[in-house]
Asker: 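Right, I'll just put the structure down here and ask away after.
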Amino acid sequence: KFAKTIGISIDHRRRNRCTESLQVNVERLKLYMSKLLLFPKKSGTKSVKKGDTPRSELKNVAQNTLKEIIPVPKPSLRIKSRAITSEEKEKSAYKALKKARTNKHYL
């Protein structure tokens with residue numbers, strides 16, 4: 001519930017099955033939360049809640065008008081071409097996959 005109020009969208013259908021991607025998401029959210037300044041909803045000392053930024057830090061804060069707060073780095077998708085080795089020529093990917101399928105089926 002708290003994430004939606006501070007601008008983090010949540011997809012409840014999504015599951016993190018890989019620990020590496022989970023750690024990347026955790027680090028990204030921690031970086032976002034470190035740059036985020038939460039203003040209290042009302043004025044007064046009773047309305048200040050846990051997680052709000054102290055009033056001393058909120059004195060001269062400029063609003064961020066950039067489209068991206070934290071740019072997401074794009075992974076490099078291009079793999080340089082290389083020569084096929086003789087070891088790779090000898091092995092057949094089809095045979096290896098077929099063998100793995102039959103082993104799984106019968107064993």
Side-chain angles (χ1 to χ4, degrees):
K1 287 185 173 182
F2 177 68
K4 286 188 176 182
T5 62
I6 60 170
I8 300 172
S9 60
I10 299 172
D11 187 1
H12 293 285
R13 300 167 296 181
R14 187 168 180 266
R15 297 282 177 254
N16 282 315
R17 293 185 175 88
C18 178
T19 56
E20 290 87 14
S21 65
L22 177 67
Q23 289 304 318
V24 169
N25 285 338
V26 167
E27 290 301 318
R28 184 175 50 83
L29 289 172
K30 283 182 181 177
L31 178 65
Y32 177 77
M33 288 296 291
S34 70
K35 293 186 176 202
L36 187 69
L37 298 174
L38 286 178
F39 285 79
K41 286 187 175 181
K42 299 177 185 174
S43 61
T45 56
K46 291 184 178 179
S47 65
V48 176
K49 297 196 173 170
K50 185 183 129 191
D52 288 349
T53 309
R55 292 195 186 278
S56 59
E57 293 180 25
L58 297 175
K59 295 277 185 197
N60 298 320
V61 176
Q63 184 174 356
N64 186 8
T65 56
L66 299 173
K67 192 171 187 178
E68 294 178 351
I69 295 171
I70 303 169
V72 179
K74 293 185 178 180
S76 60
L77 299 176
R78 180 128 183 143
I79 299 172
K80 297 253 180 182
S81 60
R82 59 178 176 80
I84 299 171
T85 62
S86 60
E87 185 179 305
E88 291 172 342
K89 285 182 182 178
E90 290 174 10
K91 292 189 177 184
S92 171
Y94 174 77
K95 287 181 183 177
L97 288 172
K98 183 72 174 171
K99 183 75 173 167
R101 270 191 230 109
T102 54
N103 285 344
K104 185 177 181 184
H105 184 266
Y106 291 114
L107 297 178

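Keep in mind that the numbers below use all heavy atoms, side chains included, and drop hydrogens, waters and symmetry copies.
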Asker: Rounded to the nearest 0.5 Å, what separation is found between the CG atom of Asn25 and the CZ atom of Arg14?
Answerer: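 The CZ atom of Arg14 is 5.0 Å from CG of Asn25, to the nearest 0.5 Å.
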Asker: Is the closest side-chain heavy-atom distance between Asn103 and Lys98 below 4.5 Å?
Answerer: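 No - every pair of side-chain heavy atoms lies 4.5 Å or more apart.
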Asker: What pair of heavy atoms forms the shortest contact from Thr102 to Lys99, and how long is it?
Answerer: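 That closest heavy-atom pairing would be OG1-O, 2.9 Å.
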Asker: To the nearest 0.5 angstrom, please state how far the SG atom of Cys18 sits from the CD atom of Gln23.
Answerer: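 Separation between the atoms: 10.0 Å.
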Asker: Take atom CD in Glu88; do more than 12 heavy atoms of anything else shown fall under 6.0 Å from it?
Answerer: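 Yes - once you tally the heavy atoms of other residues, nucleotides and ligands closer than 6.0 Å, there are more than 12.
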Asker: Evaluate whether atom CG of Leu97 has more than 12 neighbouring non-hydrogen atoms of other residues, nucleotides or ligands under 6.0 angstrom away.
Answerer: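 Counting neighbours around CG of Leu97, more than 12 heavy atoms of other residues, nucleotides or ligands fall under 6.0 Å, so yes.
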Asker: Do Arg15 side-chain atoms and His12 backbone N/O form a donor-acceptor pair below 3.5 Å?
Answerer: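 Yes; at least one donor-acceptor contact below 3.5 Å.
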Asker: Do Val24 and Val26 share a hydrophobic cluster (ILVMFWY, side-chain heavy atoms under 4.5 Å, transitive)?
Answerer: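 Different clusters: Val24 never reaches Val26 through Ile, Leu, Val, Met, Phe, Trp or Tyr contacts under 4.5 Å.
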